[in-house]
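What follows is a short report on a single structure.
One-based numbering, in listed order, for ligands and for the atoms of each.
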Amino acid sequence: MTGHKLRAADLVARRLYEAGCRFAFGMPGGEVLTLVDALEAAGIRFILAKHENAAGFMAEGVWQRTGAFGILVATVGPGVVNGVNVIANAEQDRVPLIVLTGCVDATEVLTYTHQVLDHQQVLRPITKESFRLTAEGADVIADKAVAIATEPRAGPVHIDVPISVAEQTVVPHLLRRRPPASPAVPAPGHDLERARLWLDEAERPVMIVGLDTLADDAGEAIERFCEDFSVPFLTTYKAKGIVPEEHPLCLGAAGLSPKADALLLPFVRQADLILCVGYDPIEMRSGWCEPWDPQQVHVIDIAAEANRHYVHQAGINFIAHTGKTLEALGEGIAGRATWPGGEVEGLKAALAGAFPTGEAWGPAAVIDTCRRVLPKETVATCDTGAHRILLAQMWQTCEPRSLLQSTGLCTMGCALPLALGAQLVEPERPVVAFTGDAGLLMVAGELSTAAELGSRVIVVVFVDASLALIELKQRQRQMTNAGVDFGAHDFAAIGRAFGGLGHTVRNRAELEKALDDALNAETFTVIAAVIERGSYDGRF
Ligand SMILES: Cc1ncc(C[n+]2csc(CCOP(=O)(O)OP(=O)(O)O)c2C)c(N)n1
């Protein structure tokens with residue numbers, strides 16, 4: 001198909017629009033102005049963030065809630081390197097992200113050095129692919145970038161766009177489009193038959209559900225399989241809610257909590273069949289390294305990619321769609337009662353006891369109060385730190401992608417921008433960002449973006465004037481207190497300074513009132529929940 005000529009930047013923008021994108025985030029410099037112009041012309045709204053890193057998390061928030069991958073725009077030199085953290089996050093957290101950067105033309109670079117660095121060399125180790133746009137190849141590069149970013153496991157793809165190439169006009173090659181691949185299912189044969197036999201024999205099966213299942217939309221298949229074969233399941237933090245967590249077979253989430261691991265790992269080690277379903281161990285801490293002996297127990301691994309991590313091993317590995325594979329495994333096999341000693345009920349009771357909700361005040365009381373007051377359909381985001389470990393264990397979700405966080409890279413500074421992205425595409429849904437005080441200080445400038453977007457995000461800050469998680473580790477190692485405590489600031493006033501509401505709360509009743517006000521507010525709200533230093537001790 002031929003057509004009239006377009007700028008190369010327009011071809012990229014049109015492909016991204018065709019793929020469903022309606023928002024791009026970033027901070028422009030002169031080198032990306034043509035790109036911004038092309039995105040807007042294609043129907044993709046460009047939103048100015050106050051830091052490229054936050055821009056990338058806003059893009060992720062949009063993707064998590066709409067399925068349309070995000071776009072990060074960064075300008076030459078400082079703009080690109082400011083985005084490194086969120087691009088690495090997209091790679092480790094399996095987030096599809098198109099990174100558009102502006103660069104100086106190859107010929108100019110021969111006699112010009114200001115701000116010039118090799119963007120591709122910086123970003124290659126943390127992207128699935130890095131392209132340098134050519135005018136004639138613009139359409140194909142855009143299509144390849146979309147395909148590579150979105151195919152499992154998803155991740156970031158970089159397109160470096162030389163200034164003059166963006167402007168060059170070319171005829172599009174619209175026929176060079178690659179449709180997404182059909183889901184893979186296990187081929188009939190020895191492995192499938194053996195796996196079915198193991199399922200048929202299992203008396204103590206357990207399932208570990210991970211993030212590939214989100215991409216596969218496998219929630220219903222998992223729920224049916226677990227019910228049919230009485231399989232208790234635990235999830236990683238990212239997979240929380242893939243089956244509503246109130247399900248009687250749900251053992252909650254595993255990830256960063258030693259307390260939870262101390263209960264979950266021994267249970268998993270008692271199993272006679274372990275089903276790893278879309279389980280990507282990048283989310284897990286060291287307790288989950290070689291947690292079982294595959295010679296001693298039947299382990300079936302169903303994942304989007306071959307096991308190159310060697311964090312655990314399985315007797316049978318399927319690289320396939322998780323939901324379809326469970327269907328193939330279970331076909332024609334009769335279910336049976338499992339775990340005859342009441343181990344599942346015992347474990348659930350022990351887990352509930354490990355994370356009590358009854359304290360008068362403190363971080364667990366903040367989480368418990370928020371969970372009770374905020375509507376069930378609330379989307380929550382969470383930053384990195386002590387508060388997240390507790391929250392990821394305590395915050396029950398009833399749908400997938402409703403607790404957003406950085407679980408692979410585990411970076412600070414993600415909760416507020418993730419929430420802004422999520423709220424942008426679902427303005428009617430309550431969105432709450434939980435963050436430590438240091439994490440909020442990293443991205444406080446985005447409260448300005450919250451105001452500009454008219455966002456009604458609720459930001460709950462755990463204020464203890466401390467890097468609680470690191471302070472705890474320092475103390476546990478009997479080291480001198482150094483570099484982990486900082487000033488107590490008036491976060492409510494900071495919220496008000498940016499045009500939102502601000503509340504400081506010191507007990508459950510004040511928090512309830514502040515949440516009620518926030519739910520009815522026309523602006524964003526910052527709720528500063530003041531807790532004691534050291535109040536996470538023994539909590540997770
Ligand atoms: C960008 C980044 N820098 C440093 C760290 C290491 N780190 C992990 S948790 C943490 C403390 C966070 O403090 P705060 O936001 O106050 O949360 P809290 O631990 O008090 O809940 C730090 C510094 C990180 N994960 N990410």
Going by atom types only, do E399 and S402 share a side-chain donor-acceptor pair under 3.5 Å? no

Answer yes or no on whether R401 is positioned over the face of W63, meaning its NZ or CZ is under 6.0 Å from the six-membered ring centre and within 45° of the axis. yes

Between R539 and E359, does at least one N-O distance fall below 4.0 Å, as a salt bridge requires? yes

Are N85 and T411 linked by a side-chain donor-acceptor pair shorter than 3.5 Å? yes

Give the residues near ligand 1 by chain and number, with the criterion being a heavy-atom distance under 4.0 Å. T384, G385, A386, H387, C410, T411, M412, G436, D437, A438, G439, M442, D464, S466, L467, A468, L469, I470, Y536

Give a yes or no on whether E290 atom CD has more than 12 heavy-atom contacts from other residues, nucleotides or ligands under 6.0 Å away. no

Side-chain ion pair, E246 and K376, N-O less than 4.0 Å: yes

